[in-house]
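Excluded from the calculations below are hydrogen atoms, water molecules and symmetry mates; all remaining heavy atoms, backbone and side chain alike, are included.
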Amino acid sequence: MYEQETIKPYHAGEGKAAQVEQMFDNIAPTYDKLNHRLSWDIDRRWRKKAIQQLAPYRPQAMLDIATGTGDFAIMAAEMLHPERLVGADISEGMMQIGREKVAKKGLDGIISFEKEDCLALSYPGGSFDAVTAAFGIRNFADLDKGLLEICRVLKPSGHLSIVELTTPVRFPMKQLFHVYSHTVLPLYGQMISRDASAYSYLTKTIEAFPQGERMVEILQKAGFSAASFKRLTFGICTMYFATK
């Protein structure tokens, strides 16, 4: 068990998955606004880089896991032009906002949203050419099991592109990020979303999540034949790329 798997948003007796679902339903109306403001809009650039990793392979069937409000799915559809793209998440509140955004952009013929348990996906093995995940896998209640499922639903030689928030490893960004994530992020998150626990939880999961070389080892253990990573913006974000 990894450290972030034991961290829960609330103190109730429910399991982590149920609490994460409740948390994202609670913050869904303000999630996009907070994401962009708290990252100074750099999160859009991170998503774009993660999608560009897939461009040479021209995936036609895609799965965006932990899709949230669908920002990553929409950008992937616009950049890669797949035949179909499924956005999967446990939070109906988040996906409903995603459905509205997709409809406004006229992409509802390509992008669909489905409620899924990331640890037990309903799709047959080898269903997708590519899987993407932006800022979501650190919320998995069981990281190994979730990655095994992603590997299972990928076609042979399929690709996984992940972008995830991480803690910088070098001075002074490491110290500056610590101060920012423990003061500004939860305070501003509470002001906008009215859910103080949610943004304190997100900070804790960032710090506890396996990073860099350790995450590459975990991806290989899950069945990926090759995996690599690249730190972005002084290590605030890390991009991973894996091949089945």
Side-chain angles (χ1 to χ4, degrees), residues 1-9 15-21 24 46-47 49-51 53-54 57 59 61-68 72-73 76 82 85-91 94 113-167 201-202 204-232 237-244:
M1 179 175 287
Y2 305 105
E3 187 181 351
Q4 97 284 347
E5 294 174 356
T6 65
I7 300 169
K8 300 177 182 179
K16 179 170 180 175
Q19 291 194 32
V20 168
E21 179 180 359
F24 280 113
W46 296 334
R47 287 185 175 93
K49 284 181 179 292
I51 293 166
Q53 294 187 118
L54 294 169
Y57 307 101
M62 296 183 64
L63 171 66
D64 185 37
I65 200 83
T67 193
F72 203 24
L85 194 159
V86 178
D89 204 286
I90 60 171
S91 170
M94 297 284 275
F113 291 88
E114 298 175 358
K115 185 169 183 176
E116 287 282 338
D117 178 356
C118 61
L119 307 186
L121 296 170
S122 65
Y123 312 111
S127 294
F128 301 99
D129 300 307
V131 176
T132 56
F135 316 120
I137 61 168
R138 72 179 188 279
N139 295 311
F140 284 7
D142 186 324
L143 180 60
D144 287 333
K145 194 172 181 180
L147 291 175
L148 281 168
E149 275 294 274
I150 289 173
C151 191
R152 180 185 68 80
V153 300
L154 273 171
K155 294 178 182 178
S157 300
H159 302 284
L160 168 63
S161 183
I162 296 169
V163 61
E164 189 55 82
L165 293 171
T166 47
T167 52
Y201 159 80
L202 293 172
K204 292 174 185 175
T205 58
I206 293 167
E207 293 177 341
F209 190 71
Q211 300 184 35
E213 292 88 353
R214 179 70 183 116
M215 184 60 182
V216 166
E217 292 174 2
I218 293 168
L219 286 163
Q220 291 172 333
K221 178 185 171 185
F224 291 92
S225 62
S228 60
F229 75 96
K230 182 178 182 180
R231 291 189 173 94
L232 306 174
C237 178
T238 302
M239 195 165 60
Y240 300 92
F241 191 72
T243 303
K244 182 172 177 178

Tyr2 and Ile218: CA distance, side-chain angles, deciding distance, side chain to side chain contact (heavy atoms under 4.5 Å, CB included) verdict:
CA-CA 11 Å; Tyr2 305 105; Ile218 293 168; 3.5 Å; yes
Might you work through the side chain to side chain contact (heavy atoms under 4.5 Å, CB included) test for Leu54 and Met62, ending with a clear yes or no?
CA-CA 11 Å; Leu54 294 169; Met62 296 183 64; 4.0 Å; yes
Verdict with reasoning, Phe241 to His159, per side chain to side chain contact (heavy atoms under 4.5 Å, CB included):
CA-CA 7 Å; Phe241 191 72; His159 302 284; 3.6 Å; yes
For Phe209 and Leu143, run side chain to side chain contact (heavy atoms under 4.5 Å, CB included): C-alpha distance rounded to whole Å, both residues' side-chain angles, the deciding distance at 0.1 Å, then the answer.
CA-CA 10 Å; Phe209 190 71; Leu143 180 60; 3.9 Å; yes
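Side-chain contact between Val163 and Lys49: absent, with no pair of heavy atoms (C-beta onward) separated by less than 4.5 Å. At least one side-chain heavy atom of Tyr201 sits less than 4.5 Å from a side-chain heavy atom of Ile7. Taking 4.5 Å as the limit, some side-chain heavy atom of Cys237 sits within range of a side-chain heavy atom of Phe135. With contacts defined as side-chain heavy-atom distances shorter than 4.5 Å, the pair Leu219/Leu160 qualifies. Taking 4.5 Å as the limit, some side-chain heavy atom of Val20 sits within range of a side-chain heavy atom of Pro9. Side-chain contact between Leu63 and Glu116 is absent, with no heavy-atom pair separated by less than 4.5 Å. The side-chain heavy atoms of Phe140 and Gln4, taken from C-beta on, include no pair separated by under 4.5 Å. Residues Lys244 and Val131 are not in side-chain contact: their nearest non-hydrogen atoms beyond the backbone lie 4.5 Å or more apart.
Listed here is the closest heavy atom pair of Ala66 and Gly136: CB-CA, 3.9 Å. Contact record, Pro82 with Pro59: CB-O, 3.5 Å, taken as the closest heavy-atom pair. Of all heavy-atom pairs between Ser161 and Phe72, the closest is O-CE2, 4.4 Å. Summarising the geometry of Ala133 relative to Ile65, their closest heavy-atom pair is CB-CG2, 3.4 Å, with the distance given to 0.1 Å.
Using a 4.0 Å cut-off between a side-chain N of Lys or Arg and a carboxylate O of Asp or Glu, Glu207 and Lys204 do not qualify as a salt bridge. Residues Arg138 and Glu164 are paired through a salt bridge, judged by an N-O separation under 4.0 Å between the basic side chain and the carboxylate.
Distance check, rounded to the nearest 0.5 Å: CD of Gln19 to CG of Asn139 gives 12.0 Å. Atom CG of residue Leu232 and atom OG1 of residue Thr238 lie 7.0 Å apart, to the nearest 0.5 angstrom. Rounding to the nearest 0.5 Å places NZ of Lys8 at 15.0 Å from OG1 of Thr205. A distance of 10.0 Å separates CG in Leu147 from CG in Leu119, rounded to the nearest 0.5 Å. Note that OG1 of Thr166 and CZ of Arg231 are 7.0 Å apart. Values are rounded to the nearest 0.5 Å.
Partner of Asp142 under the side-chain contact (heavy atoms from CB on, under 4.5 Å) criterion, chosen from Glu149, Glu5, Lys16: Glu5. Screening Thr67, Leu85, Val86 for a side-chain contact (heavy atoms from CB on, under 4.5 Å) involving Phe113 leaves a single residue, Thr67.
No side-chain donor-acceptor contact under 3.5 Å links Lys155 to the backbone of Asp129. A donor-acceptor contact shorter than 3.5 Å links the side chain of Arg152 to the backbone of Tyr123. Looking at Ser225, its side chain does come within 3.5 Å of a backbone N or O of Thr243 through a donor-acceptor pair.
Note on ring orientation: taking the six-membered ring where Trp is involved, the planes of Tyr240 and Phe229 are tilted (angle from 30° to 60°).
Remark: Lys115 NZ is packed, more than 12 non-hydrogen atoms of other residues, nucleotides or ligands lying under 6.0 Å away.
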